[in-house]
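Inspection log for the structure reproduced underneath, given as structure tokens.
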Amino acid sequence: MFLQRLVLPAMQKTFKRSKVTSILLENDILFSPLKETKKENLDFVEVFPPEISLKIFSDLDIKSLCTAALVCKTWNYVINNSDSLWRKHCLIVRAICQKEVDDDRGTGYSWKVTLQRNYWKRGIKEGWLNGLYSNINSAAEMPEKHIYPMDVDTWGEILEAELER
């Protein structure tokens, strides 16, 4: 029912332009009885209403969302200009870096920029808080990818966690 009400009118409009007759079967499979002479690529972002495209993109994880932004200019534009797509991921980062995320949002950064500024910090801070680096005796033993500049409050939080172990 959902497909018939929202998607079918958009798809019929698209197929009318390409002069292909289409039928929607009961199991929601699109069937074209006439042979297409020219294959036309249908982009769901251009065919569906923006709300549907955003719903599809909102179900992607961070890596998939970034990869989808590389597919084409249209997807890149939609993903990079839809701040709401980045909010959910940013709130996950906020669970570890609450002060940093709140400061960035208070400063006026978008959800996407806030996520970019705090994503790696979250992973490193989480590792420190979980004791991943408790047995490191010198800076030379510290893996390069696990060093990130952090403020005094963050280091205080990490030291408190170390003392509780």
Side-chain angles (χ1 to χ4, degrees), residues 1-8 10-11 14 27-30 41-165:
M1 188 61 164
F2 169 77
L3 186 62
Q4 291 171 339
R5 199 176 53 225
L6 289 177
V7 178
L8 186 58
M11 293 188 82
T14 302
N27 59 355
D28 295 336
I29 296 174
L30 196 59
N41 293 332
L42 295 177
D43 182 358
F44 76 90
V45 173
E46 294 173 353
V47 174
F48 294 160
E51 299 82 20
I52 303 295
S53 299
L54 289 175
K55 174 60 180 143
I56 292 168
F57 286 136
S58 71
D59 290 335
L60 298 176
D61 60 27
I62 294 174
K63 183 178 180 183
S64 300
L65 192 59
C66 292
T67 302
L70 300 173
V71 169
C72 67
K73 289 179 182 180
T74 305
W75 287 26
N76 183 284
Y77 180 82
V78 170
I79 291 169
N80 285 324
N81 292 299
S82 301
D83 208 27
S84 61
L85 292 175
W86 302 98
R87 183 179 186 272
K88 173 179 75 172
H89 302 296
C90 198
L91 292 176
I92 293 168
V93 169
R94 186 180 181 271
I96 301 296
C97 298
Q98 182 174 355
K99 180 188 174 299
E100 294 89 342
V101 169
D102 290 347
D103 288 348
D104 284 354
R105 292 295 296 155
T107 305
Y109 287 114
S110 67
W111 286 110
K112 181 182 177 191
V113 171
T114 300
L115 181 65
Q116 289 172 329
R117 289 173 49 92
N118 294 290
Y119 183 75
W120 288 110
K121 182 186 277 189
R122 180 221 30 107
I124 293 167
K125 184 176 176 181
E126 187 174 37
W128 278 101
L129 292 172
N130 291 332
L132 186 62
Y133 310 112
S134 293
N135 298 325
I136 293 178
N137 297 318
S138 70
E141 294 177 14
M142 187 70 181
E144 262 186 56
K145 291 186 177 181
H146 298 285
I147 298 174
Y148 195 92
M150 293 187 221
D151 60 12
V152 174
D153 293 333
T154 303
W155 281 115
E157 193 178 337
I158 290 168
L159 290 173
E160 284 178 18
E162 283 294 321
L163 292 173
E164 289 176 9
R165 283 191 238 294

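Quick caveat: nothing in here was measured; it's all calculated off a predicted structure.
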For [Y], does its backbone N or O pair with a side-chain atom of [X] as donor and acceptor, under 3.5 Å?
X: K112; Y: N80; answer: no
X: W128; Y: L159; answer: no
X: K121; Y: C97; answer: no
X: N76; Y: L70; answer: no

Can we say K55 and E51 salt-bridge, meaning some charged N sits less than 4.0 Å from an Asp/Glu carboxylate O?
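Not counted as a salt bridge, because no side-chain N and carboxylate O are separated by less than 4.0 Å.
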
Any salt bridge between R87 and D83, counting N to O under 4.0 Å?
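No, this pair does not count.
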
To check you understand the geometry: which heavy-atom pair defines the closest contact between [X] and [Y], and what is its length?
X: S53; Y: V45; answer: OG-CA, 3.3 Å
X: R122; Y: I92; answer: CD-O, 4.4 Å
X: D153; Y: K99; answer: OD2-CE, 3.3 Å

Determine, stepwise, if the pair I158 / W155 fulfils side chain to side chain contact (heavy atoms under 4.5 Å, CB included).
CA-CA 5 Å; I158 290 168; W155 281 115; 3.9 Å; yes

Measuring from atom [atom1] of [X] to atom [atom2] of [Y], what distance do you get when rounded to the nearest 0.5 angstrom?
X: T114; Y: L91; atom1: OG1; atom2: CG; value: 10.0 Å
X: C90; Y: N118; atom1: SG; atom2: CG; value: 6.5 Å
X: K88; Y: L60; atom1: NZ; atom2: CG; value: 8.0 Å
X: L54; Y: I79; atom1: CG; atom2: CD1; value: 9.5 Å

Are a donor atom and an acceptor atom from the side chains of T107 and D104 found within less than 3.5 Å of each other?
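Checked: T107/D104 side chains show no N/O donor-acceptor pair below 3.5 Å.
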
Side chains of [X] and [Y]: closer than 4.5 Å at any heavy-atom pair?
X: E157; Y: K125; value: yes
X: I62; Y: L115; value: yes
X: L85; Y: W111; value: no

Could you list the residues that satisfy ring pair (Phe, Tyr, Trp, His ring centres under 6.0 Å) with F44, not counting sequence neighbours?
F57, W75

Please test W86 against L65 for side chain to side chain contact (heavy atoms under 4.5 Å, CB included), starting from the C-alpha separation and ending with a verdict.
CA-CA 9 Å; W86 302 98; L65 192 59; 3.7 Å; yes

